[in-house]
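Below: the structure, in structure tokens.
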Amino acid sequence: MHRMTSTTARHLRRGVLQAAVDAGAVCTGLGLDAFFRADRETDIEWAPRRTTALRTCATCPVRAGCEELALRNGEGEVDADEFVRGGLTGPELADARSAQAVRLAAAVATDQDTEGSTLDARMAERHVLATTSTERVRNGKRVSPAAVQQEQNTRIRALSLQIARTRTARRARAGWGVAA
């Protein structure tokens, strides 16, 4: 997976960001305790764990996407150093959210466009199918790559048709009209 830039993360919708973070995050499998301060944990106890969490985030190819999701979710408080997400502490997220309030409001409004989110998800699924290996095993037996390719192509065609229909309907509602 390529490293996600903050500019890329800002332009993606929530569903695509979440899928990228779920698929590529370095922290997957580490457990939430590594990134959250325990109840009654002192600053002295939390500091080295926070540093380790920040180092983990620094190596993550989808760190920018994780940060963007945290900002859109309104995470972090100025006076509460309770967790690390997207390579930032809670207070750092709160500061970033304040500095980017206008942009984040627009991103959150865009995220609420469920039809657009569905369209993004279908395009992401189509891309995954188009770039997925045709090597498969079912019931302990190797499936012919040609058969897998045919299944993938059928699904890609169906997704492409759904995408085209959705785009046409959205354009018509936006007043683009239909070409004669």
- Set of salt bridge (charged side-chain N to carboxylate O under 4.0 Å, His left out) partners for Arg142, sequence neighbours left out: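 Partners of Arg142 by the salt bridge (charged side-chain N to carboxylate O under 4.0 Å, His left out) criterion, ordered by chain and then number, come out as Glu135.
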
About how many Å separate [atom2] of [Y] and [atom1] of [X], when rounded to the nearest 0.5 Å?
X: Leu69; Y: Leu17; atom1: CG; atom2: CG; answer: 4.5 Å
X: Glu77; Y: Asp95; atom1: CD; atom2: CG; answer: 12.5 Å
X: Leu71; Y: Leu104; atom1: CG; atom2: CG; answer: 5.5 Å
X: Phe83; Y: Leu32; atom1: CZ; atom2: CG; answer: 12.0 Å
X: Leu12; Y: Thr7; atom1: CG; atom2: OG1; answer: 11.0 Å
X: Leu161; Y: Ile156; atom1: CG; atom2: CD1; answer: 14.0 Å

Where the side chain of [X] meets the backbone of [Y], is there a donor-acceptor pair that is under 3.5 Å apart?
X: Arg63; Y: Gly86; answer: yes
X: Thr131; Y: His127; answer: yes
X: Arg37; Y: Glu41; answer: yes
X: Arg97; Y: Gly76; answer: yes

- Sidechain N-carboxylate O distance under 4.0 Å for Arg85, Glu67: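 Result for this pair is no, no salt bridge flagged.
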
- Less than 4.0 Å between a side-chain N and a carboxylate O, is that true for Glu68 and Arg72?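 Here Arg72 pairs with Glu68 in a salt bridge, since their nearest N and O are under 4.0 Å apart.
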
- Sequence-distant partners of Arg50, side-chain contact (heavy atoms from CB on, under 4.5 Å), two or more places apart: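 Applying side-chain contact (heavy atoms from CB on, under 4.5 Å) to Arg50 gives Trp46, Ala47, Leu54, Asp81, Val84, Thr89.
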
- Message: Using the side-chain contact (heavy atoms from CB on, under 4.5 Å) criterion, which residues pair with Ser98? Sequence neighbours excluded.
- Response: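 If we apply the side-chain contact (heavy atoms from CB on, under 4.5 Å) test to Ser98, skipping adjacent residues, there are no hits.
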
- For residues 144-157, which residue pairs qualify under salt bridge (Lys or Arg N to Asp or Glu O under 4.0 Å), counting only residues two or more places apart or in two chains?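 Qualifying pairs: Glu125-Arg155, Arg138-Glu151.
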
- Hits for side chain to side chain donor-acceptor pair (under 3.5 Å) against Asn153, two or more places apart or cross-chain, chain-then-number order -> Gln149

- Cluster companions of Val102 among Ile, Leu, Val, Met, Phe, Trp, Tyr (side-chain spacing under 4.5 Å): none

- Message: How about CZ on Arg103, more than 12 heavy atoms from neighbouring residues, nucleotides or ligands closer than 6.0 Å, or not?
- Response: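 More than 12 within 6.0 Å, yes.
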
- Is there a path from Leu159 to Leu119 through hydrophobic residues (I, L, V, M, F, W, Y) whose side chains come within less than 4.5 Å of each other? no

- Kindly give the heavy-atom pair with the smallest separation between Ala9 and Met4, and that separation in Å.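 The answer is CB-SD, 3.8 Å.
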
